[in-house]
Structures are given as structure tokens and as C-alpha cells.
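Numbering of ligands and ligand atoms starts at 1, following listing order. Numbers here are sequence positions counted from 1.
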Amino acid sequence: MTDQASKVKEDVLNFTIENAEQLEAFRLRFLSRKGEVPALFGLMGKIPADQRKAYGQQVNEVKNLAQDKFDSKKAELETDSTASASARDDISLPPAPFNTGRLHPLSQSLERIQEVFLRLGFTVAEGPELEDDFHNFTALNFPPEHPARDMQDTFYIRKDDEDASRDLLLRTHTSPVQIRLMKNGKPPFRAIMPGRVYRNESITAKSYCLFHQVEGLYVNKGVTFAELKETLIMFAELVFGKDVKYQIRPSFFPFTEPSLEMDIWWGDEKTGKWLEIMGAGMVHPNVLKAVDIDPEVYTGFAFGMGVERITMLRYGIDDIRLLYDNDMRFLSQFR
Ligand code: PHE
């Protein structure tokens, strides 16, 4: 072996490779285009013709040695993560378990409801949860002694026995947002109004001290009861499916006349039952007057539904409190 070749061979053998940096230094020194091994090949021209074959074999031997050392050290470093920087940088380790978040079932229902009404041409409006007597009751045609104003139902923040107009309360329904919308604009109005509402009821599987409603309002010239029915039926079919079985029956609300409630049939033919999903009706002329809209010119309809009720139906949940416990074992079922 020539002196140069055996010198390179020795250096290759003695070179310590214990980490990625040294591996790269090794590659640069011996194997890269300007490295010592290619340099040995470069000397070929200077070798007397009769010795070239032998020289070529020697250089090849050195080259293979260097290449093998490089390959095996590289493989070794890749499997042994502690030899390189740190375990944190080892991309071959399996990932730590990672729980992705998901929407609360109430938010999922709310999104679905909103999607349906946006398709039907409604916009979304919001209002405050802390209301006054005018927006929550008076403008909605509740007589002064109406039982809904009672302390048993309403969470009063401030109650003035002499002057109800000074009362402050947590809204008991989303209907006050209708009033705010109509007071601040000009007809036509076509909006839904989602939000939290509060009622001072005892907490059971069926009722909670707060829940969510989606109010809907359409006011324009010549809005008819038939349009209200059509809208509600379309809604029921889009949320519960084309084959949903529903019924519409007369009801009473101070702010609508006539008023109705919509039920859907839940369960199979024999064991199922009717469940109420919303109240609705034609906006009462007194409500339009309270917000300076002429009921001789404009008519409208309004509806209001409970998001908890609809969520419980959609997912077969039998206790409303589950929706407020934030128990991950429950919530993680709603992907
Ligand atoms: N606000 C009513 C309730 O809370 C629901 C409703 C809204 C009824 C709009 C008719 C029209 O029960």
C-alpha cells in the first residue's frame, strides 16, 4: 500500500465517532468530494502504469472501509437517542397521548340551528343577559301583575316595589332581543337571537337555573301565519330529518297572537311521545306599537326554542344537568 493510502486508512480507523457532529466531521474529512479518499483517487495519474491496478484496489479498500464505518456509525447514532443531543430531539419516539378538544354538545346544536336559519335568510343578533323590566316584560305585552314577573321565576338584581321600570333582572327569555333589534332599526327584520336565559326554578333532571334559547323574528309587510308554519316545518325537517313527525297546537304567550307550540314525536310508534320544542306566534300588535312600528302596515312572526331540549333530543340525553357538569367522561362522547 502506498504511504498516502495507508496513512488515510490508519486515520479512518482511529477517527472517533460518538455523536452526530463527529459523524459529519468524518464525512467531510474523508468522503466528501474534496475529502481525503477522493484525493487518493486523484493521485492515480501519478502512479506508474504497471502499479495502477494494485493502487486502485488499495484505494478502493480504504474507500469501502471509510464508507462502512460511516454507515454503521450513522445507524448506531440513529437508534441510540442518548448518544445524540437528547431524547427530546428524537423524532423516532412515539408521541405522547394528546387529547384534542371538541365542541360542547350545546355548541354543536347551536351551530346546527344557526346554519339552518342562515340558509333560510336570517341574520344573527345578540343582546345583554342583564335586562330591565321594559325589554324583558313591559314591551312584550306582559301585564303588570303577570305571574312570570314573580320572584319565583325571575332572578332580580334590583327590585323596586314602587317603580317596576327601575327593575334589573337576568333575562328570562331571549324575546327582549326582539325589542332591542326593532327599536334600533327599521323593518324588515329577519334575525335569530341565540343566548343564555335564567330562571329561578328548582334544579331537576328537566330544568336548570340557566339554559339557552334561540329566538327568531321576521317582520315585514304582509307576513302571514302560513309563512310561520312553513319556516317551523322546514326547521324541524332540517334539524331532525325529513321524516320528522310534528304537530302544531294552539298556545298562549302575551307577545304573540295567535300563539302556538310545536311538538315533535320522539321514539318509536308505540312507546314514543310528543315533546314540545318551541313556542311561536304572530307578533302581537301591542309589541309592534311598543317599538313604534305601525301594526296596520307591518306584521311578523316570532318563535323561541330551547337549545337544551333540542340537544337532549338529538343525542338521547335524559338529564339536563349533564350539560352543565363538565364531566369529561360525558363530554368526550360528542365528537
Ligand atoms: N319567549 C318564549 C319562552 O320563553 C318563547 C317564544 C318566543 C314564544 C317567541 C313565542 C314567540 O317561552
Side-chain angles (χ1 to χ4, degrees), residues 110 113 117 120 122 124-129 131-143 146-150 152-155 169-182 189-201 206-220 223-225 227-233 235-236 246-264 275-288 290-291 293 295 298-312 320:
L110 209 55
I113 294 167
F117 283 109
L120 298 178
F122 286 74
V124 178
E126 282 180 338
E129 292 175 21
E131 269 296 3
D132 53 31
D133 173 87
F134 175 77
H135 292 89
N136 198 79
F137 293 129
T138 299
L140 287 161
N141 200 34
F142 280 82
H146 191 282
R149 294 180 177 223
D150 203 299
Q152 280 163 17
D153 271 316
T154 309
F155 284 115
L169 48 95
L170 294 178
R171 65 180 178 194
T172 57
H173 51 176
T174 40
S175 303
V177 191
Q178 287 182 33
I179 302 300
R180 292 185 177 274
L181 189 74
M182 290 192 285
F189 301 100
R190 195 206 292 254
I192 57 164
M193 295 148 268
R196 278 185 174 203
V197 303
Y198 301 82
R199 286 190 199 170
N200 194 358
E201 289 173 351
K206 295 253 169 302
S207 67
Y208 201 65
C209 51
L210 69 95
F211 56 101
H212 295 74
Q213 286 188 335
V214 175
E215 188 87 4
L217 177 71
Y218 178 41
V219 173
N220 205 344
V223 176
T224 65
F225 190 81
E227 283 171 275
L228 167 59
K229 263 180 78 178
E230 185 61 24
T231 304
L232 299 189
I233 292 167
F235 166 78
Y246 58 84
Q247 72 180 10
I248 283 172
R249 58 188 163 73
S251 184
F252 173 81
F253 302 100
F255 36 92
T256 48
E257 180 59 34
S259 303
L260 64 87
E261 272 171 320
M262 184 183 218
D263 304 326
I264 63 170
L275 285 175
E276 181 215 318
I277 58 160
M278 67 172 119
M282 301 306 287
V283 179
H284 197 292
N286 287 350
V287 174
L288 295 174
V291 292
I293 293 176
Y298 289 97
T299 53
F301 63 72
F303 53 86
M305 65 188 85
V307 183
E308 277 74 1
R309 174 53 78 80
I310 288 171
T311 305
M312 290 165 78
I320 192 172

Exercise. Tell me, do Pro258 and Met282 make a side-chain contact under 4.5 Å, heavy atoms counted?
Worked result: yes
Exercise. Is there a side-chain contact between Thr231 and Leu120, using heavy atoms and a 4.5 Å cut-off?
Worked result: yes
Seminar exercise, completed: Using heavy atoms and a strict 4.0 Å limit, residues surrounding ligand 1 turn out to be His173, Ser175, Arg199, Gln213, Glu215, Phe253, Phe255, Thr256, Gly279, Ala280, Ala302, Phe303, Gly304
Problem set entry | All side-chain contact (heavy atoms from CB on, under 4.5 Å) counterparts of Val177, not counting sequence neighbours | Arg171, Met193
Exercise. Under a 4.0 Å N-O cut-off, is there an ion pair linking Arg180 with Glu126?
Worked result: no
Problem set entry | Check: Phe235 ring centre within less than 6.0 Å of Phe117 ring centre | yes
Problem set entry | Modelled atom types, side-chain donor and acceptor of Thr311 and Glu308, under 3.5 Å | no
